[in-house]
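This report concerns only the one structure given below.
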Number of protein chains: 2
Amino acid sequence: MPAPSRTDRDRIVETASALLEEGGTEAVTMQAVAQREGVQAPSLYKHVQHRRALLEAVVRSSARQLTARLERVRDDGDPRRSITAQVDELRRFAHDRPRAYALVMGAAPDLPRPTPELLSASLASLLAATTALAGSEHALDGARLVVAWANGFISMELAGALQLGGDIDVAWAWGLQRIVAALEDRPAD
Amino acid sequence: MPAPSRTDRDRIVETASALLEEGGTEAVTMQAVAQREGVQAPSLYKHVQHRRALLEAVVRSSARQLTARLERVRDDGDPRRSITAQVDELRRFAHDRPRAYALVMGAAPDLPRPTPELLSASLASLLAATTALAGSEHALDGARLVVAWANGFISMELAGALQLGGDIDVAWAWGLQRIVAALEDRPAD
DNA sequence: GTCTATATTTCGATAGAC
DNA sequence: GTCTATCGAAATATAGAC
């Protein structure tokens with residue numbers, strides 16, 4: 001989140017991110033990155049240790065961007081609106097950068113994930129709002145409910161597994177409203 | 001779902017499935033499969049067109065096994081119990097075969113997915129139970145709510161993204177109970 | 001920091017004998 | 001249907017000159 005200092009390394013990470021979205025992780029080869037940078041592949045090793053480290057840098061960068069976007073839309077006044085806004089923004093991020101979203105949420109095994117701390121930071125605002133709504137006793141459970149539903153919905157949407165007919169945006173809004181209601185309505189036990 | 005006829009092809013698919021769980025898709029090489037079958041790699045091409053077709057066969061086989069497991073535990077009498085039983089079984093399947101689960105649910109881009117029809121078949125019993133509980137008006141929305149939550153929870157659990165403390169099994173049970181309650185309680189609008 | 005050249009590995013897939 | 005032999009294509013990464 002420090003301002004991108006436009007060093008070569010940052011440009012390399014940006015290029016790698018673009019290739020990621022265009023063709024998935026396997027499209028992020030040192031050769032492809034080099035070609036797009038107008039350079040030869042071996043030159044990259046002056047800025048990046050190896051391919052794996054480059055992918056990790058892409059994941060970190062993406063997680064930070066997600067964090068920034070969620071913080072931008074959060075509403076500290078009304079937890080209910082804050083949850084809606086952030087979860088909507090999470091989905092928008094996924095639409096904009098589906099491959100990065102999958103990596104940040106750890107959906108792809110064998111690929112670099114963000115550290116737990118980085119992921120927690122991304123979802124911190126969301127957890128705070130959820131806690132405010134669900135009460136402290138089931139704060140963590142409630143947060144997991146929201147995040148799990150949102151992530152599951154978005155993942156299946158991206159995978160094309162929800163194409164059963166009907167309007168997906170409506171299903172999203174309906175589900176979100178039910179989830180929030182389930183948080184507010186504290187059960188007996 | 002037809003009884004495995006023990007042809008060579010079936011054994012190859014089984015071996016590939018085992019390799020998948022042990023090392024992910026990239027561990028499913030023609031050479032690795034051949035070695036475990038006690039045969040040379042080129043021989044496999046007498047039974048399988050190419051590697052991609054083998055992976056697709058693994059996905060189909062896994063989807064059918066999931067279907068069978070869900071049908072085995074469903075309860076046609078009580079939709080509420082049926083949902084719980086099936087969703088629990090879905091999670092158990094994911095614990096038993098995490099890599100296959102990710103493929104069946106389409107979590108991995110650039111890898112073969114089950115056809116929409118095959119995935120629908122896997123979730124058919126679950127959708128039926130959900131419909132019985134949520135009413136016909138929001139049947140599809142309700143089904144998506146359940147499946148999205150379950151898939152999201154399981155995905156994040158497998159990814160290790162839920163390790164924020166607390167008992168995961170308790171969080172699962174709590175969330176499931178809230179989801180079912182949200183289905184039963186029809187909103188005003 | 002960039003280049004050329006290259007070592008190395010690994011894999012998918014085919015040809016053709018048996 | 002199995003084998004040996006092999007092609008061909010990537011790709012990561014290093015060495016060393018400039």
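What you see below is based on every heavy atom in this structure, not just the backbone, and it leaves out hydrogens, waters and symmetry mates. Quick note on labels: first sequence line is chain A, next is B, and so on, each numbered from 1.
Ring geometry for A:His138 against B:Trp174 counts as parallel: the plane angle stays under 30°, on a 0 to 90° scale with 60° as the upper cut.
The cluster map of Ile, Leu, Val, Met, Phe, Trp and Tyr, joined by side-chain heavy atoms under 4.5 Å apart, puts A:Leu127 and B:Ile168 in the same cluster.
Only one option out of A:Leu44, A:Val39, A:Val13 pairs with A:Val33 in a side chain to side chain contact (heavy atoms under 4.5 Å, CB included); it is A:Leu44.
In this structure, B:Leu54 atom CG and C:dC11 atom C1' are separated by 14 Å, rounded to whole Å. We find that CD of B:Gln31 is positioned 6 Å from P of C:dG12, with the value rounded to whole Å. Put simply, CD on B:Gln35 is 14 Å from C1' on C:dT10, counting in whole angstrom units. Between B:Gln49 atom CD and C:dG12 atom C1' there is a gap of 14 Å when expressed in whole angstrom units. For A:Glu26 and C:dT10, the CD to P distance is 19 Å, given to the nearest whole Å. Rounded to whole Å, atom P of D:dT12 lies 10 Å from atom CG of A:Leu44. Atom OH of B:Tyr45 and atom P of D:dT4 are 16 Å apart (whole Å).
Contact annotation for B:Thr29: backbone-only contact, meaning every heavy-atom pair under 4.0 Å involves sugar-phosphate atoms and none involves a base.
Where A:Arg51 and B:Ser43 each meet DNA chain D at their nearest nucleotide, the meeting point lying more 5' is that of B:Ser43.
Nearest to the side-chain atoms of A:Met30 among the listed nucleotides C:dT2, D:dT12, C:dG12 stands D:dT12. Comparing C:dG12, D:dT2, D:dT4 by their nearest atom to the side chain of B:Gln40 picks out D:dT4.
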